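Okay, structure first, notes after.
As the structure is a prediction and not an experimental result, all values here were calculated from the model. The basis for the numbers below is simple: all heavy atoms, side chains too, and nothing from hydrogens, waters or symmetry mates.
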2 protein chains.
Amino acid sequence: MRNDARGGVDEPRMEAICEGPNVDPEVFRSILARVGDKWSMMLIGMLQEGPRRFSELKSMTPGISSRMLTQTLRQLERDGLVEREMFAEIPPRVEYQVTPLGLSLVPAVLALAEWAATHTAEIAANRDAYDAAAE
Amino acid sequence: MRNDARGGVDEPRMEAICEGPNVDPEVFRSILARVGDKWSMMLIGMLQEGPRRFSELKSMTPGISSRMLTQTLRQLERDGLVEREMFAEIPPRVEYQVTPLGLSLVPAVLALAEWAATHTAEIAANRDAYDAAAE
DNA sequence: CTGAATCCTCACGGATACTG
DNA sequence: CAGTATCCGTGAGGATTCAG
């Protein structure tokens, strides 16, 4: 299959994938939205290194509130990207880890991250130029 | 330091990219947000095939309003992902096309789209199972 | 035809306080 | 420690109307 046909001819068409017969566009868009939301990918990134506790994730993620941490983890768990394990101890301990499914998402997001890293400066410059021209 | 998690193989770490020295985390997150928003990637996908007029894009994109189409195109233009060309005609004609920068984003998004296509059913099943267990 | 302007709703997400 | 409950500001984004 041709994944890297950026010569100009016969490039893969996005709609063929986004709106293909076996892809619910709503589910697809909800996946894109998940990737784009404020904390999900950051959390997946931290869990890559191994299981983490709630409080660890909280302190590793500057700016996040308990509320958003819980909420984001619940969504990731619902999608099967993250697993939650509770230990009946005192004080309570809960560990989160990425599932194989969640792990399989990483390379794709990483590709996006690499693109962003490569083009951040260029985009910032474009924004500045655009804003300057509009004043 | 624990890179021992899974596979054992020296996988790329997301923070190393997301929070690297030459990457503004805010800009990076704004890029992820752009990818995740409701219309941007859909529009990039349509423009892949060639330049399109405003009205073409509008009719090709079910559910979008003029307002959101304009707004999304402006943001893409500001980032330098899309170019806008106005023709001084009557009636007015405006054409949009992806820039090389915008085109360079496509493979990364496509990787995500392929992941989504592959795992849509699995995720939908996970959601159902999760919701069923919670009732 | 290509928008700009306006209004309006609602969900994202932050702050704070409280619980088992 | 690991959340839940509540309040609330802000902004995304839809509907509608008007303009060049």
Verdict with reasoning, B:Ser104 to A:Trp115, per side chain to side chain donor-acceptor pair (under 3.5 Å): CA-CA 8 Å; B:Ser104 74; A:Trp115 184 92; 2.9 Å; yes
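Residue A:Arg93 is classed as a sugar-phosphate contact, given heavy-atom separations below 4.0 Å to backbone atoms only.
If you measure from atom CD1 of B:Ile90 to atom P of D:dG20, you get 14 Å, rounded to the nearest angstrom. The distance between atom NZ of A:Lys38 and atom P of D:dT10, rounded to the nearest whole Å, is 14 Å. Straight-line distance from the CE atom of B:Met68 to the P atom of C:dA5: 16 Å, rounded to whole Å. Counting to the nearest Å, the C1' atom of D:dG3 and the CZ atom of A:Phe54 are 6 Å from each other.
With hydrogens and angles left out, the side chain of B:Arg67 and the base of C:dG3 share no donor-acceptor pair within 3.5 Å.
For the residue pair B:Arg84/B:Tyr96, the side-chain donor-acceptor check at 3.5 Å is satisfied.
For B:Glu56 and B:Lys58, the salt-bridge test fails: no basic side-chain N is under 4.0 Å from an acidic carboxylate O.
At D:dG3, one or more side-chain N or O atoms of A:Arg84 fall inside 4.0 Å of OP1 or OP2 (strictly under the cut-off). For A:Arg34, no side-chain nitrogen or oxygen approaches OP1 or OP2 of C:dC12 to under 4.0 Å. The side chain of B:Ser65 places no N or O atom within less than 4.0 Å of a non-bridging phosphate oxygen (OP1 or OP2) of D:dA15.
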